[in-house]
Participant: 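There's a structure below that I have some questions on.
It should be emphasised that the depicted structure is a prediction, and the values quoted were computed from it without experimental measurement. Keep in mind that the numbers below use all heavy atoms, side chains included, and drop hydrogens, waters and symmetry copies.
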Amino acid sequence: MSGVVARRARNASLLLGLSVAFLVWHARQLEPMAAPQRFTGWLLLGLVAFLALYNARKKIAVVPLGSSAAWLQWHIYAGLFAVLIFFLHTGLQLPTGYFETGLAALFLLVALSGIGGLYVSRRTPPRLARRGEEVIYERIPRLIHALAEQAKALALESVATTRSRAIADFHAARLSAWFSTAQDAWQHIVGLEGAARRRARALAEFRTCLGPDELPVFDELTVLIAQKEDLDFHRANQGLLKYWFFVHVPLTHALLLFVVVHVILIYAFGGAR
Amino acid sequence: MTEPLQNFGFRDSSYERAEQPWECGRLEGGACAGGPGRNGACGGRTACRPLRDGAGGGYRCARLKEDGGACTEGPSASGVCCLAALGCQPVRSVRSRRGLVVRLSFLCTLGLLLALLFGPARDEFVSPGDLSDPHHRLDLACSACHGAAEGSAASWLHWAVDVDTSRDLAARCEQCHQFVDHGAPQNPHGLPTDHIRALQASLADEPGVGAPKVLGELRCGACHQEHGGRERRLTPSSDADCQACHMRTFTSFTQGHPEFSPRWPLKTRNPVAFDHKAHYGGLFAQGASSAGSKFAAWGEPLCTLCHVPDADGRDMRPRFEAHCQVCHGGQVGYTPDSVDGIALRFAQFPMFEEEARPEGWPEALGAPDPSEVSISPEMEILLGRDRETVEKLLARMPEDERSPEGFLEMGEEAKPDVSAFLLAMKAMLVELGQTDRTRVLAAVARRFKESLGVELAAAEQERLWPPALQERAAQAQRLWFDEEGEDTHEDGFAFGSENFSLDLVPTFQAEAPARAHGNPTLQAWAPYIFAQLERGGRLEGERLVRAIPAGLQRCLKCHNVDRGMDQRLHVDWSGREKSRGRRLDRFVHAPHLGQDLAALREAAGKELGWADIPSLKRNTTMLNCLTCHVPTKDDAHDDFFVHFFTREGDKPPLGRTNARDARANFGPIARALCASCHTQGKARSDCLTCHVYHPGPRATRAPKAR
Amino acid sequence: MPAVTRRPKRWDHPFDDTMSEAMVSELMTLEPWKGLAAWAHEELKPAQAEARVKDLRRHLLNDARLLTCQAGEIVIRVGDYGNSAFVVLEGAVRVVLEANVGLGAAAEKRFDQPKRGFFRSLAQLWTNQRGVEQRPAPRGDARAAPSTDADNAPVEHVPIVLSDVPAVLDHKRTARIEAGGIVGEIAALGRSPRTASIFAEGDGTRLLEIRWQGLRDIRKKFPPYKTYIDDIFRERILLQHLRATPFFQHVGDTPQLRRMLEEDRIADVFIEGLGLRPSERDVVTLEVAGQAVELLPLAQGRGWSGSEGIVLWRCRATIPAGPARVELVRALCEETGRKAVVVHRLGAGRVWQWCLAEAGSVEDADVHECEEGGSRGPEELMRRLLREIALHEIGRQTDFHSYGEVDKTQLGDGDAAEPVIVEAGHYPDGLLLVRAGAVRVSRQINRLERTVSYLGPGNSYGLRELAHNWRHPDRHVVMEHTLRARGYVDTLLIPTSVVTRFVLPSIPESDLPESYPEETDSPLDPVDVFEPAAGVDRNMVEFLVDRAFSNGTAAMVIDLERCTRCDDCVRACAQGHDGNPRFIRHGPVHAGFLIANACMHCNDPVCMIGCPTGAISREPTTGQVAINDPTCIGCATCANNCPYDNIRMVQPRSKDGVFYIDAQNMPHMKATKCDLCVTQAGGPACQNACPHDALRRVDLSDAGTLMDWMKR
């Protein structure tokens, strides 16, 4: 993946260079201007508009407007640049009015959620790729249901084949609820394995109580449990990849509204100097 | 061996339609082929439409292989699929849910914004921060400064797009803050645009500040930023604001700032001609050394004898009352018994031979002294339209011999003209001396308009014709033209009866009611007198110079006359720095005078004289006047003072605008001198240390009383 | 309630709505249709014959159209993918035998379906159907109700014309195909690119264009036509394949032949050296340029299937260069048959002149000349002549074999499903050349069958064993590896005797594969033709070949370590296809790379083989495989044929979501698959829509491309 590292290094250094150049230019040229904030303001507005356009670009995928990957690269680096411009625009001061505090908070939340989303979308896919079978998110409930049915069938069958209710009871007491839906989402997202370890310990303990004819059935059940755990992992982490947008996108829409009001306010109240 | 969860065969899996808002909610088996519709209703109620077999009339399952093939149970006898219960409750896709959240949050934000922008707490909501303390204490409403705040939020778009809000904002600043002597406050430095354009052209090639950039208006908000919190100072403190327009920038005062003009600090000549050399080097020094001299009490003849900072600590110029009056008080009629020299003559009669005198010639006038007779310019002004009667008389004299004696040469043939003149004088005195003050002032205004074509403001009328003069006119009218004149003559006229007995041209002299120096009436008349004299070029030549009223001549001995921007002659009566109101630089002396000058003398180790001053400056590291103000040895000054005081030679004392003639014995000041202290780390060196944006006195920029 | 409509049928959408019965009747009077009808009546029972001829007429009515071309109009362009063949009805066409260079700007023009412009791309955002698989109600017979739907109309025939035909004729070797001849059948039937450019010779050249599925069925129903087509195939394709094979570079240049030439034994060169037979023809005397020229028959080749083959003549007279020689060859061909080679010797100067007339094209016969001081030496010309004849002879004796089934149910189920092509331990009976498909090479190591490499198109097997046996007649070896067909494989087998005679002696000793050492205990490494290049992950290659993915030219590969499972690719795909995705984001995974269930646009798209209507076809220039939805009748043949399950059957429905069903309550079906967004201006929407560069359409036939991308 050295190509990616090289690209990141190149883009990041380009951004850094651009930022430094802009800061120097801004310090030398813009500060004496009658309205440095007007310049940074409109620049920021342009950047925010460009950043928001990515959503529109995604919606019109077939129109030849450049690849989405290229757009994302621009989106990421323009977003980081926008944060810099934001701080230049506010002069690194906390806004004091209610409206402007709201506006700044929205901007920062959108920026933070974007950076968080970037982190999530870089960290999560390799974890998903390493774990279990690759499944489509929407299919997971169905697959879990199928596993639950299999587990249930296995437990019921065990009564007849082993003439013991041990596995069936264990299933009813410890497993059937767990099998019914996806579980332990946060543990899977964060990468904790407490629940899995506890379950493994319980299974190991239970295994020692089983007779020789029960063991094969139990081992089959163990396989199903492992598959279910993988599915839980995929459900949680794929969900994370989808749900972080629930913060980023709605906040962006709210931000755009605030920005429009902000521009009107500034011009109506003579704040543009 | 773990069985894979999914099968990729084309019969086992169908398209996952990520673009659809609803997903099949079926958990059993795969999603059905029908799939939910866009409205979220289940589209797959039945697995198949059972097929009616021709033979027995019964039905058989027609489920597709793609859907799992024929089911084992088969359809009912009536042809209903047994899997009819397959219908599910479709679920919204994550993305569709996200869309809902987006729409919801958008609407909520919109609603919140609308509620706040149109609600009662609007102003508080949109305010970007507290006002600075002075404004904050006034508890101003938003609409005090922002027009947009007067209307509802719906009008803001109009304000944002159609209105020059910064002009509106500035206009609202001016409702409280007045800018005396500032021209148009929204122009850069209050200067007219033409002026700036001219400056631009003239400064284009000059190093340093260079041509200013902004030509249009520069509003208050460009430098004064509100809503920065209560502690925020409104006055700008950075050079950046200056450099917004003065684009040719430099690093600092020490580096790159242009050299001062060689004419600085004496760009224009002093309002008062003062010879330092004569006073300091001569009189003071002599006086100080000789016991019993009136200077003896002053002690050491130091600069600070006369130069004391004013209240601002800025201006060091001496004041007449404090410094000059000791010697020169009598010369300007400071005492009530020496008013003769500063009188105005608004009513004079030339002397005519008997045969030329018409009937009704005032007997009180007695016999004339032709050498004292003239027609004063102030009388000409006051005659107004009737001035032509004077001109008719003058026309009787030969062109080149117009003199007071000329009147005496007129015979009987001149009688009608003299009669007209007499009537005009009478009318003037009647009008200007009547008791109704309003009518008097109206008459003054009319007569000024008729003679000079100027419209007088009410205050100006008041200054030009104070009640004292009105009284005088009444007295004169009574004396000359009234039957009972003789009686009133006794009532303490300022002019004595000897005037008549001496048979001089009777002159009504308006003396200063309180004190002669700084007589406001005289000061008010001066420019009109100059104007009247300038009509017809009467200021040319030595002879007509004497036409200036004697009192005014006394003033002009010290007060320089200059031609102003309106091309008219003015006297700067203030005695202060000329054009103070337009100066964009400032120097505050007080902070620079921390050193005791007595210490200088000690350091010099001897008595100080004018001749020692240059060496003094070199020998001390202490700051003193002479550090900056270096006396010159230029002989041109001496010439100037000779001309002025002796009035010898051809040079007229008026209209001298060549500043070099009045450098007051001191050389220019170099920037390096200032820069030796005003550099980073030692003393302030930003633009606003020495330059001001708003010219004019500080007090005039204070808010109006509300 | 489902909408009951007529099920789409094969000929609902004829190739050309304007074809009429009258035109078909006219065609039936022309060859080869006339001959085929005659054959049917001769060979079959009357009823059968009647049915066959009726079928033939229906094919002509529905699968053919008439074209009238102007001079220089390009009919076929080399490298394009063709879905139809052309029968010359009137006039003649020219086949450009040399590479396509220099045909001018016209040859660069595209026959492609026009791409959507920017605004049409944009427009589909709101013209797209909102629901699932919505289609307009199927229309009936197009001939009854002519189509007005511009999108579904057949591709308009837009003539692209060469600007300077004489110049091309002057500077290019061309062959002339006259009325009755057929061109373009190989690419049409073989799902492969066109092998040569063809343009119309004169104005008013009339051609009959036949869709490939029509041609396929006619060929199936009329055995003489099959023989005819197969012979043409042998003649046109086999030689080309042999010419392109590296170790045939020197055939015809054996020491034995060189010696004979030095000894001036011309007849022996051809008869002994190249295995021709003495000619049975008589001496021919021709009148050329006012001169009687006597030509002696030297030797005679063997034709493909009973035809006479090449004939070599020796010319006794001196013919000046230029038109006279052309005239001589033309006259000779007219006089004697179709093929002639003239060999002419000019005294002691050892200058040879030969003229080779290609089949049926006399006028501008491929006349090669060599004069003293010419650019090409006589030896070189002679070598070329000998090589051509040798290749011809090799080709004549080469066997064609096809292995494997198209049916994918046989794939990946172990050895049983992989027909053996060469069995280890058998005597090497020939040199194997792979024409298409993938061949697994395995051998027994410690009683286990181990795959050691894979062979692809252009690879060969057996040269090493044959060379060893040729050099060591006393110590013969047997085939060391077993070769199995992975899926559908086409091979050529050149018999050992032919290889020994023509090929091995011609290869320089240094280029011959090493012999096997004496001790056969330690088996040698196989000739590893499929050895991955440096840096290529062998496991990945094995994964690809094992699942026969290496057939794909545009497989969808997803890097799971980058993919955020956002489904932007799926939505983009749906947007480009009227609201319906055309792939599923699932599939086999190897090393974090997922090969999605999306059409790979195979080198050899076996899905096309059975399509009854020709709804599935390749784009002319780029070769993408696409299904024409209106023509598809939902038979699922393609979906069954696709070894990768990348074609899915869907049930179309109306705008109101009502399924279309037929009278038997069976829903209509449509085959759907990825078309690589052929009509979209921006190319594959899935790839463009991926925000993380995690999805790429990769040519898996070249493992390097994938590796490069994997390591990006």
Participant: Measure distances from L231(A) to the heavy atoms of chain B and classify the residue's part below 4.5 Å as side chain, backbone, both or neither.
Facilitator: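 Just the side chain, heavy atoms under 4.5 Å.
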Participant: With a 4.5 angstrom heavy-atom cut-off, which part of L113(B) approaches chain A: side chain, backbone, both or neither?
Facilitator: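 The side chain, not the backbone.
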Participant: Quick check on P141(A) against chain B: is it the side chain, the backbone, both or neither that has a heavy atom closer than 4.5 Å?
Facilitator: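 When you check distances to chain B, atoms from both the backbone and side chain of P141(A) fall under 4.5 Å.
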Participant: Evaluate whether atom CZ of F86(A) has more than 12 neighbouring non-hydrogen atoms of other residues, nucleotides or ligands under 6.0 angstrom away.
Facilitator: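 Yes.
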Participant: With side chains defined as the heavy atoms from C-beta onward, is the minimum distance between T96(A) and D130(B) less than 4.5 Å?
Facilitator: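 No, every pair of side-chain atoms sits at 4.5 Å or beyond.
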Participant: Using heavy-atom distances under 4.5 Å, tell me whether I264(A) contacts chain B through its side chain, its backbone, both, or neither.
Facilitator: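 It is both, since atoms from each part get that close.
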Participant: Measure V126(B) against the heavy atoms of chain A and call it side chain, backbone, both or neither at under 4.5 Å.
Facilitator: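 V126(B) touches chain A through backbone and side-chain heavy atoms alike.
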Participant: Just so I understand: if I count every heavy-atom pair under 4.5 Å between each of E19(B), H158(B), R97(B) and chain A, which residue has the most?
Facilitator: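 Counting heavy-atom pairs under 4.5 Å, the top option is R97(B).
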Participant: Applying ring-ring contact (aromatic ring centres under 6.0 Å, His included), name anything that partners F245(A), two or more places apart in sequence or on another chain.
Facilitator: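 ring-ring contact (aromatic ring centres under 6.0 Å, His included) list for F245(A), sorted by chain: empty.
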Participant: Check whether E124(B) gets within reach of chain A through its side chain, its backbone, both or neither, counting any heavy atom under 4.5 Å.
Facilitator: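 It is both, since atoms from each part get that close.
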Participant: Look up atom OG in S105(B) and atom CG in L257(A), then write down how far apart they are to the nearest 0.5 Å.
Facilitator: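 Going from the OG atom of S105(B) to the CG atom of L257(A) covers 9.0 Å.
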Participant: Counting only heavy atoms not in K152(A) (residues, nucleotides, ligands), do more than 12 fall under 6.0 Å from its NZ?
Facilitator: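 Counting other residues, nucleotides and ligands, NZ of K152(A) stays at 12 neighbours or fewer.
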Participant: How long is the span from the CG atom in L5(B) to the NE2 atom in H234(A), to the nearest 0.5 Å?
Facilitator: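 The NE2 atom of H234(A) is 9.5 Å from CG of L5(B), to the nearest 0.5 Å.
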Participant: Hey, does F246(A) have a side-chain heavy atom less than 4.5 Å from the side chain of V94(B)?
Facilitator: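 The answer is yes, as the side chains (C-beta and beyond) meet within the 4.5 Å cut-off.
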Participant: Identify the two heavy atoms, one from R142(A) and one from C24(B), that lie closest to each other, and give their separation to 0.1 Å.
Facilitator: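 Closest heavy-atom pair between R142(A) and C24(B): NH2-O, 3.4 Å.
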Participant: Select one option (side chain, backbone, both, neither) describing which atoms of A146(A) are under 4.5 Å from chain B's heavy atoms.
Facilitator: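 No part of A146(A) comes within 4.5 Å of chain B.
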Participant: Which answer fits E134(A), side chain, backbone, both or neither, if we ask what part of it has an atom under 4.5 Å from a heavy atom of chain B?
Facilitator: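 For E134(A), backbone heavy atoms alone lie under 4.5 Å from chain B.
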Participant: Identify the two heavy atoms, one from R139(A) and one from S14(B), that lie closest to each other, and give their separation to 0.1 Å.
Facilitator: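 So the two residues come closest at NH2-O, 3.8 Å.
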Participant: V263(A) versus chain B, heavy atoms under 4.5 Å apart: side chain, backbone, both or neither?
Facilitator: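 Neither; nothing under 4.5 Å.
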Participant: Centroid separation under 6.0 Å, is that true for the rings of F269(A) and W156(B)?
Facilitator: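 Yes, ring centres under 6.0 Å apart.
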Participant: What verdict does the side chain to side chain contact (heavy atoms under 4.5 Å, CB included) test give for L117(B) and V261(A), after you've listed the backbone C-alpha separation in whole Å, the side-chain angles of each residue and the deciding distance to 0.1 Å?
Facilitator: CA-CA 10 Å; L117(B) 291 179; V261(A) 174; 3.8 Å; yes
Participant: Tell me which of these, P128(B), G129(B), A170(B), has more heavy-atom pairs under 4.5 Å with chain A than the rest.
Facilitator: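 Top count of heavy-atom pairs under 4.5 Å with chain A: P128(B).
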Participant: For chain B, which of L251(A), I136(A), V135(A) has the most heavy-atom pairs under 4.5 Å?
Facilitator: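 Top count of heavy-atom pairs under 4.5 Å with chain B: V135(A).
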Participant: Ring centres under 6.0 Å, that's the criterion: do F99(A) and F125(B) meet it?
Facilitator: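 Ring-ring flag for F99(A)/F125(B): true, centres closer than 6.0 Å.
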Participant: Donor-acceptor check, side chain of E16(B) to backbone of E138(A), threshold 3.5 angstrom: yes or no?
Facilitator: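 Pair absent, no side-chain N/O of E16(B) close to backbone of E138(A).
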Participant: Which region of Y243(A), side chain (C-beta onward) or backbone (N, CA, C, O), has a non-hydrogen atom less than 4.5 Å from a non-hydrogen atom of chain B, or is it both or neither?
Facilitator: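 The side chain, not the backbone.
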Participant: Kindly compute the distance separating CG (L256(A)) from CZ (F106(B)), expressed to the nearest 0.5 Å.
Facilitator: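 Reported to 0.5 Å precision, the distance equals 8.0 Å.
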Participant: Shorter than 4.5 Å, heavy atoms on both sides: which option in K242(A), E220(A), Q227(A), Q93(A) has the most such pairs with chain B?
Facilitator: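 Most heavy-atom pairs within the cutoff with chain B belong to Q227(A).
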Participant: Below 4.5 Å from any heavy atom of chain A, which atoms of L112(B) appear? Answer side chain, backbone, both or neither.
Facilitator: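 Neither the backbone nor the side chain of L112(B) comes within 4.5 Å of chain A.
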Participant: Under a 4.5 Å heavy-atom cut-off, does chain B meet the side chain of L143(A), its backbone, both or neither?
Facilitator: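 L143(A) touches chain B through side-chain heavy atoms alone.
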Participant: Which atoms of N55(A) are under 4.5 Å from chain B, going by heavy atoms: the side chain, the backbone, both sets, or neither?
Facilitator: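 Contact with chain B: side chain only.
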Participant: When rounded to the nearest 0.5 angstrom, what is the spacing between NE2 in H253(A) and CG in L104(B)?
Facilitator: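 CG of L104(B) is found 12.5 Å from NE2 of H253(A).
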Participant: Of the backbone (N, CA, C, O) and the side chain (C-beta and beyond), which part of Q6(B) lies under 4.5 Å from a heavy atom of chain A, both, or neither?
Facilitator: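 Contact with chain A: backbone and side chain both.
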Participant: Quick check: under 4.5 Å, non-hydrogen atoms only, which of residues 143-153 of chain B neighbour chain A?
Facilitator: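 Expected list: H146(B), A148(B), A149(B).
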Participant: So which residue, E100(A), E133(A), H262(A), ends up with the most heavy-atom pairs under 4.5 Å with chain B?
Facilitator: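 Highest number of heavy-atom pairs under 4.5 Å: E133(A).
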Participant: Using heavy-atom distances under 4.5 Å, tell me whether L169(B) contacts chain A through its side chain, its backbone, both, or neither.
Facilitator: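 For L169(B), the contact with chain A is made by the side chain alone.
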Participant: Looking at Y267(A), is its backbone amide N or carbonyl O close enough to the side chain of T165(B) to form a donor-acceptor pair, meaning the two atoms are under 3.5 Å apart?
Facilitator: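 Yes: the side chain of T165(B) pairs with the backbone of Y267(A).
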Participant: So do the side chains of I144(A) and L27(B) get within less than 4.5 Å of each other, counting heavy atoms only?
Facilitator: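 No, every pair of side-chain atoms sits at 4.5 Å or beyond.
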Participant: Between R167(B) and chain A, which part of the residue has a heavy atom less than 4.5 Å away: side chain, backbone, both or neither?
Facilitator: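 Neither part.
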